[in-house]
Amino acid sequence: MTSDMPALTDELSRLAERLRNGDRASLARAITLVESSAARHRDAAQALLNALIPHSGGSIRVGLTGAPGAGKSSLIDALGCHITAGGQRVAALTVDPSSALSGGSILGDKTRMGRLSREPKAFIRPSPSGGILGGVGGGTREAILLCEAAGYAIVLVETVGTGQSEAALRDMVDCLLLLTIAGAGDELQGIKRGLIESADLLIVNKADGDNIAAAQSARAQYASALRFIQAATPGWRTRALTASALTGAGVDELWRAVEDFTAQARASGGFQTRRKAQRKAWLRESLEGQMRDYLDGHEALQAALPQIEAAVVRGQLPARSGARQLLQLVLPD
C-alpha cells in the first residue's frame, strides 16, 4: 500500500464507529457516500472503505437473478423474514432499473418487501443501476462490504434481470440463485443454458394455488437437465427447488440448501477460491472505471475527441486508429 491513502477524518471515524455498532442510518449514509459519483466524495469514500474492510467478509453473500416478474423481491421478503426469525441479521441490496437522474420507482422493491422492511434485524437498500451494465449498481461491491462491517451475517443481492446480470452477480456473491416461473411454455426452452450453468440453485417460484402442479413439473424438468450440465461450483451439484413467497412453502428448504452449499464450498476450499477471484475481478473493474474517469477529465483528449470522432463516423478514419491518436495525447510514449 502507498503512503498517500486518503485520511480518515474525525467525522468519518464517528460514522465508521456508529456503523460498526449496527446503526442502520449510518450504514445508509455510508452506502450513499460510496455510491456517489461526485469527485469531492471519492477520498472520503475510499478512506471509509479502507477503515472498514478489515471488519468485512464474514457474511454469506447470496445473489438472486431472473427475468422481471419472476418474483425476486417477494421471495427476498419471505426468505429474509425466515432468516431473521432464526435470529440472524440480513441485509437486502436491490438494484432498481430506473434512471439515476430521474429517480423512477426507486422505492418499488422496498414496497414489495413490506414484512422485511419492518424487521429490526433487517436492512433494505434499493439503489439505481445508473446505466451500469450487468444489472448491478456501480457501488454494489462496496455496499456488501459495508453491510458486513455493520454486522449483517447474510447479504442478499437482487439484480434487475437484464440478461447480463448473472455474470456480473456471479463475480460478487458466494451462492447464486436463479429464479424462474412455470406456465410459460416449454420450461427448458424458456431459459438459456448459460443462465443455468451460472446458478448454484434453480428456484421455480410462485409454486402456489393452481400453479403448484406446473411448478413441480418444471422443477422435475430442470432437475433432469441439470444432470447433464456442469455445475457452476466444483464439488456441488446444482439443485432445482420450488418455492412460494405467498405461502412460504419451500422457503425453509431453500435456505437449508444455501446453508448446505456454503458448508460444502467451505469444506472443499471453493468458497475462499471464489472470494479471491472476486477480489481480483473487483480490482480490474475498479481500474477500468478510474481510467474512464481520468480520460473523461483529460482536457487535451476531450478537446481532440469531437474532430476524431467525426472522422470515424464519416468513415474517413478507422476506430482503432482514432483511439490510438487519442491515447497518444495521454501517453505520448
Side-chain angles (χ1 to χ4, degrees), residues 19 22-36 45 48-49 52-53 55-66 68 70-84 88-98 100 104-117 119 121-162 164-179 258 275 278 281-282 285:
L19 183 151
D23 181 61
R24 290 191 290 185
S26 297
L27 175 56
R29 181 183 171 194
I31 293 177
T32 297
L33 180 64
V34 301
E35 284 181 341
S36 174
L48 184 64
L49 287 168
L52 291 174
I53 196 169
H55 307 287
S56 67
S59 79
I60 299 174
R61 305 168 183 173
V62 181
L64 292 91
T65 188
K72 297 185 292 294
S73 297
S74 298
L75 187 61
I76 286 180
D77 190 45
L79 181 60
C81 288
H82 176 79
I83 294 169
T84 57
Q88 293 181 296
R89 300 175 70 206
V90 59
L93 304 175
T94 68
V95 183
D96 196 295
S98 304
S105 57
I106 189 67
L107 295 178
D109 282 319
K110 202 163 186 178
T111 301
R112 291 190 292 272
M113 298 179 191
R115 290 184 298 157
L116 190 60
S117 64
E119 281 286 341
K121 287 186 172 64
F123 173 81
I124 301 175
R125 174 70 182 207
S127 300
S129 60
I132 302 296
L133 293 176
V136 292
T140 303
R141 294 182 192 271
E142 290 84 351
I144 291 173
L145 298 184
L146 293 174
C147 289
E148 292 173 338
Y152 289 91
I154 312 298
V155 180
L156 307 176
V157 185
E158 175 199 348
T159 73
V160 298
T162 60
Q164 293 183 341
S165 58
E166 72 286 347
L169 195 56
R170 175 81 282 173
D171 277 343
M172 61 181 70
V173 299
D174 305 311
C175 183
L176 181 61
L177 278 55
L178 172 61
L179 270 64
V258 172
R275 286 279 180 102
Q278 289 171 351
W282 186 16
E285 179 183 296

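Excluded from the calculations below are hydrogen atoms, water molecules and symmetry mates; all remaining heavy atoms, backbone and side chain alike, are included. The chain is numbered in sequence order, starting from 1.
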query = Within the distance-only criterion (no hydrogens, no angle test), does the side chain of Glu142 pair as donor or acceptor with the backbone N or O of Glu35 below 3.5 angstrom?
reply = no

Rounded to the nearest 0.5 angstrom, the CD-CD1 distance for Glu148 and Ile60 is 10.5 Å

In this structure, CD1 of Ile31 is separated from OG of Ser36 (nearest 0.5 Å) by 13.5 Å

Here the gap from Ile144 atom CD1 to Ser56 atom OG, rounded to the nearest 0.5 Å, amounts to 10.5 Å

Interatomic distance, OG@Ser73 vs CG@Leu179, rounded to 0.5 Å, equals 10.0 Å

The side chain to side chain contact (heavy atoms under 4.5 Å, CB included) partners of Ala281 (sequence neighbours excluded) come to Arg141, Asp171

Exactly one candidate in Leu177, Thr159, Leu178 meets side-chain contact (heavy atoms from CB on, under 4.5 Å) with Leu169; the answer is Thr159

Looking only at heavy atoms, the pair that brings Ala150 and Arg89 closest together is O-NH1, 2.8 Å

Rounded to the nearest 0.5 angstrom, the CG-CZ distance for Asp23 and Phe123 is 10.0 Å

* Asked: Taking Arg24 for the side chain and Ala122 for the main chain, is one N or O donor matched with an acceptor at less than 3.5 Å?
  -> yes

Original post:
Taking side chain as C-beta onward, heavy atoms only, is Leu52 less than 4.5 Å from Leu145?
Top reply: no

(message) Checking the side chain of Ser117 only, and the main-chain atoms of Gly114 only, is there a donor and an acceptor separated by less than 3.5 Å?
(response) yes

Lys72 and Leu64 have their tightest heavy-atom pair at CD-O, 3.9 Å

So do Val173 and Leu156 actually touch side chain to side chain, heavy atoms under 4.5 Å?
no

Note: Ile76 and Ala92 closest approach over all heavy atoms is CG2-CB, 4.0 Å

Task: Heavy-atom side-chain proximity of Val157 to Arg61 below 4.5 angstrom - done: no

Check your understanding: Is Thr94 close to Met113 at the side-chain level, that is, under 4.5 Å between some pair of heavy atoms?
Key -> yes

Practice problem: Under the side-chain hydrogen bond (donor to acceptor under 3.5 Å, both in side chains) rule, what do Thr32 and Arg125 come out as? Steps first, then yes or no, please. | Solution: CA-CA 10 Å; Thr32 297; Arg125 174 70 182 207; 3.0 Å; yes

dist Lys121:NZ -> Cys81:SG (nearest 0.5 Å) comes out at 12.0 Å

Report task. Report yes if some heavy atom in the side chain of Val90 is under 4.5 Å from a heavy atom in the side chain of Leu116; otherwise report no. Result -> yes

